[in-house]
Novice: 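This is the structure, below, for whatever I ask next.
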Amino acid sequence: MTLESAKDQAKVSYPDVLLHIDGRWRPASNGVTSPVTNPATGEVIGAFAHASSDDLDEALAAADRGFQLWSRVSPFDRSNLMRKAADLLRQRAESIAALLTLEQGKPLAEARTEILATADIIDWFAEEARRSYGRIVPARVPGARQSVLKEPVGPVAAFTPWNFPVSQLGRKLAAALAAGCSIIIKAAEETPASPAELIRTFEDAGIPAGVVNLVFGTPAQISQHLIPHPVIRKVTFTGSTPVGKQLAALAGLHMKRVTMELGGHAPVMILKDADIERAVAVTTAFKYRNAGQVCISPTRFLIEEPVYDEFVSRFVKAAADIKVGDGFAPDTNMGPLVSNRRVEAIENLIQDAIDEGAEQLIGGKRMSNDGHFFQPTVLSNVPRHARAMNEEPFGPVALMVPMRSVDEILSEANRLPFGLASYGFTRSATSAAMIGEGVAAGMVSINHSGLALPEVPFGGINDSGYGTEGGADALESYLNTRFISHLQIS
Ligand code: NAD
């Protein structure tokens with residue numbers, strides 16, 4: 001199948017993306033739009049409505065009314081509606097995946113997987129909605145009843161990124177709705193159409209007007225407007241650590257609940273007793289997924305010296321087999337980066353690492369003047385002071401570093417302030433336990449890539465943020481705990 005016939009088959013035509021406020025799709029009140037480009041060609045493919053302050057005020061008023069409605073809907077009914085939306089999302093997976101590939105660049109198969117995984121996330125939270133239990137605490141005083149209640153925290157302001165525009169939104173939306181919250185989402189301006197289609201599934205499933213609102217515009221202006229507003233009771237953000245710190249500070253000033261899912265710099269600890277074949281297969285597939293634009297992407301490969309050469313040479317061979325191209329081409333394994341800004345950032349990090357003494361084993365260059373394609377890249381013997389070893393590359397770059405001992409590996413793994421994902425490869429149960437307990441990270445996966453399922457925690461510590469967006473704890477962060485002590489008197 002050719003690229004053109006793959007596109008034809010996907011029947012992809014890009015819409016003008018509107019705001020969704022109080023149950024209505026509509027342009028910005030002042031008519032302003034901004035362009036959307038296809039990262040594979042650099043061409044403008046459409047536009048999104050750019051919210052004005054008036055639009056944001058309308059969204060706030062709608063979310064306030066939506067909260068009054070939705071918080072009174074029983075968890076059972078919330079759950080049923082969410083399941084209906086998840087079913088619609090599965091039915092529409094092909095057409096939404098095509099939009100996602102067109103605006104974000106990832107291969108169609110990855111886009112499809114993201115949509116279906118989001119439906120699973122929604123289903124999981126729909127089930128969890130029915131388990132937002134309180135409890136009764138035995139009283140010291142006879143005749144007293146001490147009740148602990150779980151209640152939705154209130155309207156939520158959510159800021160979601162372009163790397164997984166559907167699933168990162170799905171995590172926030174599903175947890176908020178399961179808890180009984182309304183929500184205003186500012187989805188990423190780079191990739192507006194696929195999140196809008198996710199919202200449409202909830203609309204078509206019958207969600208009341210005002211419960212789910214979607215806006216786009218100037219990110220800093222929207223966060224400055226929404227976060228301090230008294231209607232908003234909770235802020236959730238996925239994006240870079242510097243922006244996350246600014247938004248958390250603003251939320252703190254106004255005493256809002258916060259979940260922050262920020263950047264990472266995942267260490268991959270390859271011990272000398274590792275199954276090297278398995279380690280290469282798992283990490284190459286994962287490193288270049290979504291062109292490395294993944295917050296839990298494997299980044300610093302810390303490899304014990306006896307297996308360094310073997311691991312690196314096998315990794316380079318596997319990286320050389322990756323076919324880079326348009327996400328619609330059936331043989332593409334890796335699409336373009338999302339923007340020219342990201343290409344320039346990666347070029348700078350690679351040049352700096354080479355200037356500092358790293359050896360480039362493969363890749364290192366942009367691939368065309370039209371789209372934002374970049375070669376899968378492997379750098380060897382990267383010095384610790386190179387910028388790439390300290391800043392999140394967020395691109396298709398693997399950094400290889402030889403290590404003398406497990407202690408040295410653990411100390412390098414914990415050197416950075418980030419603490420999101422980390423990976424270990426070893427046959428030894430003792431070393432696996434040392435890695436699991438010794439690495440300061442919110443998530444550790446040993447001998448496979450076992451992260452990001454709906455039912456398990458997903459989140460970081462330290463500069464990677466706080467709060468989790470998976471598992472039962474994720475619902476908790478959208479709930480207030482209240483206590484009522486009632487002494488029965490006659
Ligand atoms: P960025 O920080 O400029 O933007 C990331 C996201 O945050 C975008 O969706 C953007 O719209 C939003 N944003 C930016 N400033 C904002 C503000 N003041 N208020 C509200 N939202 C705001 O980064 P970028 O150049 O687009 O992406 C590169 C970096 O972003 C990476 O280095 C990575 O650390 C981070 N990132 C992380 C994730 C993740 O999954 N944790 C996802 C995307 C980007």
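Just follow the structure's listing: the first ligand is 1, and inside any ligand the first atom is 1. For the numbers below, each heavy atom of this structure counts, side chains included, while hydrogens, waters and symmetry mates do not. In this chain, numbering begins with 1 at the start of the sequence shown. All values derive from a computational prediction rather than experimental measurement.
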Novice: Between E408 and R415, does any NZ, NE, NH1 or NH2 come within less than 4.0 Å of an OD or OE carboxylate oxygen?
Specialist: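 So R415 does not pair with E408 through a salt bridge.
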Novice: I want to know if ligand 1 touches S223 in the polar sense, i.e. an N/O pair below 3.5 angstrom.
Specialist: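 Yes, at least one N or O pair falls under 3.5 Å.
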Novice: Is R387 salt-bridged to D355, going by a charged N under 4.0 Å from an acidic O?
Specialist: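 So R387 does not pair with D355 through a salt bridge.
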Novice: Treating R257 as the side-chain partner and V153 as the backbone partner, does any N or O pair qualify as donor plus acceptor under 3.5 Å?
Specialist: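 Checked: no pair found.
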Novice: So if I count the atoms of ligand 1 from 1 in the order they appear, which ones are less than 4.0 Å from some heavy atom of Q168?
Specialist: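 Within the 4.0 Å cut-off of Q168, ligand 1 contributes 40 (O).
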Novice: Checking K256 side chain against H229 main chain: does a donor-acceptor pair fall under 3.5 Å?
Specialist: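 Here the side-chain-to-backbone pair exists.
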Novice: Could you identify the single nearest non-hydrogen protein atom to atom 25 (O) of ligand 1 and state the distance to 0.1 Å?
Specialist: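 The answer is R341 NH2, 2.8 Å.
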Novice: Checking contacts here: is it the side chain or the backbone of T241 that comes within 4.0 Å of ligand 1, counting heavy atoms only? Could be both or neither.
Specialist: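 The answer is neither.
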Novice: Find all atoms of ligand 1 within a distance of less than 4.0 Å from any non-hydrogen atom belonging to L247, and give their numbers and elements.
Specialist: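 Reading through ligand 1 atom by atom, the close ones are 19 (N), 20 (C).
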Novice: How far is atom 32 (O) of ligand 1 from the closest protein heavy atom, and which atom is that?
Specialist: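 Atom 32 (O) of ligand 1 sits closest to the protein heavy atom E392 OE1, 3.5 Å.
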Novice: Students should be able to answer this: which protein heavy-atom is nearest to atom 16 (C) of ligand 1, and at what distance?
Specialist: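 For this ligand atom, the closest protein heavy atom is V243 CG1, 3.4 Å.
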Novice: Decide whether N340 and E344 meet the rule of one side-chain donor and one side-chain acceptor closer than 3.5 Å.
Specialist: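 The criterion, which ignores hydrogens and geometry beyond distance, is satisfied for E344 and N340.
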Novice: May I ask you to list the atoms of ligand 1 that are less than 4.0 angstrom from any heavy atom of E189?
Specialist: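 The list of qualifying atoms is 11 (O).
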Novice: Which atoms from ligand 1 have a heavy atom of T160 less than 4.0 Å away?
Specialist: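 Contacts of ligand 1 toward T160, numbered from 1: 9 (O).
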Novice: Taking the minimum heavy-atom distance to atom 37 (C) of ligand 1, which of G263, G217, S464, G239 ranks first?
Specialist: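 The nearest heavy atom belongs to G239.
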Novice: In the protein, what heavy atom is nearest to atom 30 (O) of ligand 1, and what distance, to one decimal place, separates them?
Specialist: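 The answer is S240 CB, 3.5 Å.
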Novice: At a 4.0 Å threshold, what atoms of ligand 1 neighbour a non-hydrogen atom of P161?
Specialist: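 Near P161, meaning under 4.0 Å from one of its heavy atoms, ligand 1 has 9 (O), 42 (C), 43 (C).
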Novice: If you measure from atom 38 (C) of ligand 1 to every heavy atom of F216, F394, W162, which option wins on shortest distance?
Specialist: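 The option holding the nearest heavy atom is F394.
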Novice: Which bit of F237 gets closer than 4.0 Å to ligand 1, counting heavy atoms only: side chain, backbone, both or neither?
Specialist: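 It is the side chain that touches ligand 1; the backbone stays farther off.
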Novice: Can you confirm, on distance only, whether ligand 1 has an N/O atom lying under 3.5 Å from any N/O atom belonging to Q246?
Specialist: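 Checking ligand 1 against Q246, no N or O pair falls under 3.5 Å apart.
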Novice: Any side-chain donor paired with an acceptor under 3.5 Å for T259 and K172?
Specialist: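 Per modelled atom types, T259 and K172 side chains form no pair under 3.5 Å.
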Novice: Quick one: does ligand 1 sit under 4.0 Å from the side chain of E261, the backbone, both or neither, non-hydrogen atoms only?
Specialist: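 Both parts.
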Novice: Is atom 4 (O) of ligand 1 less than 4.0 angstrom from at least one protein heavy atom?
Specialist: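 No.
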Novice: Looking at ligand 1, does any of its N/O atoms fall within less than 3.5 Å of an N/O of L262?
Specialist: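 Yes; the residue has a nitrogen or oxygen that sits under 3.5 Å from a nitrogen or oxygen of the ligand.
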